[in-house]
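Note sheet for the following structure.
In each ligand, atom 1 is the first atom listed, and ligand 1 is the first ligand listed. Keep in mind it's a predicted model, so treat the numbers as computed, not measured.
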Amino acid sequence: MTIKPLIILPDPVLRQVSNSIETVDDEVRRLADDMLETMYDAPGIGLAAIQVGVARRMLVLDVSRDDEDKTPLVFINPEIVASSDERSVYEEGCLSIPDYYAEVERPAKITVRYVDRDGKQQEKEVDGLLATCVQHEIDHLNGVLFIDHISKLKREMVIRKFTKAARLRGSKAL
Ligand code: GNR
Ligand code: NI
């Protein structure tokens, strides 16, 4: 297993729309394992393939608490097939936008249809932090970031700050 480098804002790769996965083969399962290792190392509670530069529709999640057993989840070609009218607000962060957090409102409960790592179609109703996280990750598969759900002023401030930081990194030839 391999920890892969994370793609950071404002890298345009994060705006790519990812491609559906035709068959769940060993290569796809290896990518899932690498993504889980990368997510646990970060540490984070979710990761979309595009965050490690792979434009394929797969995400991994683990929202278990530190005092609970690990619960790694792999969703391939996930689709939201139902959303509650009830909303919930969470303070979100993103491994591709390090150290920036903001409140985002999303449906509190969703039903997600996906293919699992054995290639079997599944459907799951999720709520709480897991529902927020699945929606955050599916956004990534569509080139959408959580800062797209906050005010334009805040979003432009964040993008400006990360663009400046990327320029500095470049000039130091790291
Ligand atoms: O680690 C993460 N934490 C988080 C917290 C609240 C809402 C969403 C997330 S996802 C994030 C990891 C990440 O960037 N996934 O794309
Ligand atoms: Ni993210």
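- Selection from Gln135, Glu137, Met39, Arg106 by nearest heavy atom to atom 10 (S) of ligand 1 gives Glu137.
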Could you pull out every donor-acceptor pair under 3.5 Å between side chains of residues 38-52 and any protein atom, sequence neighbours left out?
from, atom 1, to, atom 2, distance (Å)
Thr38, OG1, Lys4, N, 2.9
Thr38, OG1, Asp34, O, 2.7
Tyr40, OH, Asp62, OD2, 2.5
Gln51, OE1, Ala48, N, 2.9
Gln51, NE2, Ser96, OG, 3.0

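- Ligand-side atoms of ligand 1 in range of His140: 16 (O), range being under 4.0 angstrom from any heavy atom.
- Close contacts between ligand 1 and Gly44 involve ligand atoms 1 (O) [criterion: under 4.0 Å to a heavy atom].
- Using a 4.5 Å heavy-atom threshold, the side chains of Val134 and Leu61 count as touching.
- Remark: ligand 1 and Gly46 share an N or O pair separated by less than 3.5 Å (distance only, no angle test).
- Ion pairing of Asp118 with Lys120 is absent here, as no side-chain N (NZ or NE/NH1/NH2) approaches a carboxylate O to less than 4.0 Å.
- The nearest heavy-atom contact from the protein to atom 14 (O) of ligand 1 is Leu95 N, 2.8 Å.
- Donor-acceptor pairing under 3.5 Å is recorded for the side chains of Asn142 and Arg57.
- By the side chain to side chain donor-acceptor pair (under 3.5 Å) test, Arg30 pairs with no residue at all, sequence neighbours left out.
- Residue Cys133 places no N or O, backbone or side chain, under 3.5 Å from any N or O of ligand 1.
- Distances between N or O atoms of His136 and those of ligand 1 include at least one value under 3.5 Å.
- Looking only at side-chain heavy atoms (C-beta outward), Ile97 and Ile8 stay at 4.5 Å or farther from each other.
- Between Arg167 and Phe162 there is no side-chain heavy-atom pair separated by less than 4.5 Å.
- Considering backbone and side-chain atoms alike, Ser96 places every N or O at 3.5 Å or more from each N or O of ligand 1.
- Contact atoms of ligand 1 toward Cys94: 14 (O) (distance under 4.0 Å to a heavy atom of the residue).
- Backbone and side-chain nitrogen or oxygen atoms of Ile45 are examined, and one is located within less than 3.5 angstrom of a nitrogen or oxygen of ligand 1.
- Side-chain contact between Tyr100 and Val158: present, with at least one pair of heavy atoms (C-beta onward) separated by less than 4.5 Å.
- Close approach to Glu92 involves these atoms of ligand 1, each under 4.0 Å from a residue heavy atom: 6 (C), 7 (C).
- With a cut-off of 2.8 Å, the protein N/O/S atoms near the Ni ion (ligand 2) add up to 3.
- Distance check: Leu6 CG to Cys94 SG gives 9.0 Å after rounding to the nearest 0.5 Å.
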Side chains of residues 102-110: which donor-acceptor pairs under 3.5 Å do they make with residues two or more places apart or in other chains?
from, atom 1, to, atom 2, distance (Å)
Arg106, NE, Glu92, OE2, 2.7
Arg106, NH1, Asp139, OD2, 3.1
Arg106, NH2, Glu92, OE1, 3.1

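- Inter-residue side-chain proximity for Val112 and Glu79 is flagged as unmet; no heavy-atom pair is nearer than 4.5 Å.
- Distances shorter than 4.0 angstrom occur between a heavy atom of Glu91 and an atom of ligand 1.
- Here the heavy atom of the protein found nearest to atom 11 (C) of ligand 1 is Gly93 O, 3.6 Å.
- Inter-residue side-chain proximity for Met35 and Met1 is flagged as unmet; no heavy-atom pair is nearer than 4.5 Å.
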